[in-house]
Amino acid sequence: MFRLHLIPAGTKFDIVGKSKYFFTLGVLAVITSFAFIIFKGMNYGIDFKGGYIFEVTMPETPDVQSLRDKLGSLGLGEVAIQQFGAPQDLMIKLEKSEEGKGQAVAIQKVKDTLGDGVTYKKIETVGPKVGSELVSNAIKAVAYALIAMLIYIAVRFEWQFGVCAVAALFHDCAIIFGLFAIFPMEFSETSITAVLLTASYSINDTVVIFDRIRENLKRYRNMEMHELINKSLNETLSRTTLTATTTILAVLALYLFGGKIIAALALPIMVGIMVGTFSSIFVASPLLMFLNIKRDNDNDKKSKQEQVPANWQ
């Protein structure tokens with residue numbers, strides 16, 4: 001049977017030996033992300049900054065791009081149009097800009113632009129207060145996810161593994177948040193999904209590697225920890241890179257052919273997969289070197305010492 005290996009079997013990369021370079025790169029990426037978030041700020045979308053949301057049914061299938069251009073010329077801020085259900089059903093979101101002349105005037109401008117024969121299912125105004133609550137909820141969602149994963153890893157393995165996994169996840173989430181600050185990408189509700197998907201993908205890769213490390217801890221009781229972690233990483237390297245590559249190719253197809261709305265979600269997911277793969281290999285596992293991981297032979301020695309009678313000493 002033919003098996004595809006992006007990394008040849010028997011590879012012996014000294015990943016742990018070069019860990020200081022990878023740690024430095026990761027720390028610089030996190031610091032850069034926080035610097036842009038603090039000094040430049042996030043490019044919040046309509047969901048966070050406030051605006052108007054219309055759910056309408058057009059009399060016929062509209063030209064979405066032409067309609068977006070018309071609404072964008074009204075001076076009401078950024079416009080987002082999404083089709084849902086039938087081709088005539090649209091969800092229109094307009095940012096509430098400083099140039100707006102009041103809610104009634106803005107809504108009337110939109111109605112005049114859409115024309116006659118339009119059925120309005122819902123018209124809502126999203127205020128800044130709701131936007132701030134969404135930001136708070138987004139941060140809480142990511143924080144709760146990290147805490148839950150820490151508990152899961154600590155229960156399944158040991159607390160040292162949990163600490164290393166959450167450190168890698170913090171690295172991943174910080175970089176994805178920074179991505180929306182560094183580049184002109186809108187941070188919306190769907191962006192939170194990209195952050196959480198990055199965390200879930202990264203923890204899956206990390207658990208696979210941790211499983212191999214735990215197996216090797218039992219199999220090679222006298223092997224140096226440096227060598228054992230390197231061996232575990234090299235044994236899972238082909239699987240990790242192959243999984244990341246196939247997933248990125250699938251998301252790349254969505255980015256190229258899924259349209260503007262899906263592309264805005266697919267791009268941070270692709271970056272998140274690459275960042276998560278990096279942290280699983282070069283951050284989470286090498287960090288175990290700096291923590292005192294208990295080995296079975298250590299426990300065996302301890303139990304034997306406890307069984308030695310006191311008068312033998």
Side-chain angles (χ1 to χ4, degrees), residues 15 18-50 78 95 128-151 153-154 160-206 244 248 251 264-291:
I15 296 173
K18 304 294 189 298
S19 59
K20 61 181 180 180
Y21 301 109
F22 301 126
F23 292 160
T24 302
L25 179 62
V27 169
L28 288 176
V30 171
I31 292 175
T32 302
S33 297
F34 276 114
F36 272 90
I37 292 172
I38 294 171
F39 295 107
K40 183 182 178 182
M42 304 283 285
N43 180 27
Y44 291 116
I46 299 168
D47 299 322
F48 295 98
K49 289 193 292 189
E78 188 174 350
E95 177 188 343
K129 183 178 179 181
V130 176
S132 63
E133 290 177 356
L134 284 173
V135 174
S136 176
N137 291 336
I139 295 173
K140 288 179 181 178
V142 175
Y144 291 154
L146 294 180
I147 292 171
M149 291 178 187
L150 170 61
I151 296 172
I153 298 295
Q160 294 96 328
F161 289 87
V163 170
C164 293
V166 169
L169 289 176
F170 177 80
H171 163 275
D172 301 340
C173 294
I175 292 177
I176 296 302
F177 276 116
L179 183 70
F180 289 97
I182 296 172
F183 298 100
M185 298 171 58
E186 181 183 282
F187 188 82
S188 61
E189 284 184 297
T190 56
S191 304
I192 303 171
T193 305
V195 176
L196 294 176
L197 279 173
T198 297
S200 61
Y201 184 91
S202 177
I203 199 65
N204 177 68
D205 268 352
T206 302
I248 288 174
V251 181
L265 175 63
L267 180 59
I269 290 177
M270 280 194 295
V271 176
I273 291 171
M274 291 185 283
V275 171
T277 302
F278 171 85
S279 68
S280 297
I281 299 172
F282 302 110
V283 177
S285 299
L287 273 176
L288 291 171
M289 283 292 301
F290 301 93
L291 300 176

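- Here the straight-line distance linking atom CD1 of I147 with atom CG of L169 works out to 12.0 Å at 0.5 Å rounding.
- Between F180 and F36 there is no side-chain heavy-atom pair separated by less than 4.5 Å.
- Interatomic distance, CG of L179 versus CE of M42, reported as 9.0 Å (0.5 Å rounding).
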Contacts under 3.5 angstrom, residues 264-275 side chains, donor-acceptor by atom type, not counting sequence neighbours:
none

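- Rounding to the nearest 0.5 angstrom, the gap separating the CE atom in M289 from the CD atom in Q160 is 13.5 Å.
- Interatomic distance, I175 CD1 to S279 OG, rounded to the nearest 0.5 Å: 8.0 Å.
- Using modelled atom types, one side-chain atom of S280 and one backbone atom of S202 make a donor-acceptor pair closer than 3.5 Å.
- When all heavy atoms of I37 and G178 are compared, the pair lying nearest together is CD1-N, 3.8 Å.
- Classification of the F282-F22 ring pair by plane angle, with boundaries at 30° and 60°, yields tilted.
- No side-chain donor from either of D172 and T198 sits under 3.5 Å from a side-chain acceptor of the other.
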Run F177 and F187 through ring-ring contact (aromatic ring centres under 6.0 Å, His included) and show every step you take. CA-CA 9 Å; F177 276 116; F187 188 82; 5.7 Å; yes
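- Taken to the nearest 0.5 Å, the OG1 atom of T24 stands 13.5 Å off from the NZ atom of K18.
- Within the model, atoms CG of D205 and OG of S200 stand 10.5 Å from one another, a figure rounded to the nearest 0.5 Å.
- At least one donor-acceptor pair under 3.5 Å links the side chain of Y201 to the backbone N or O of A244.
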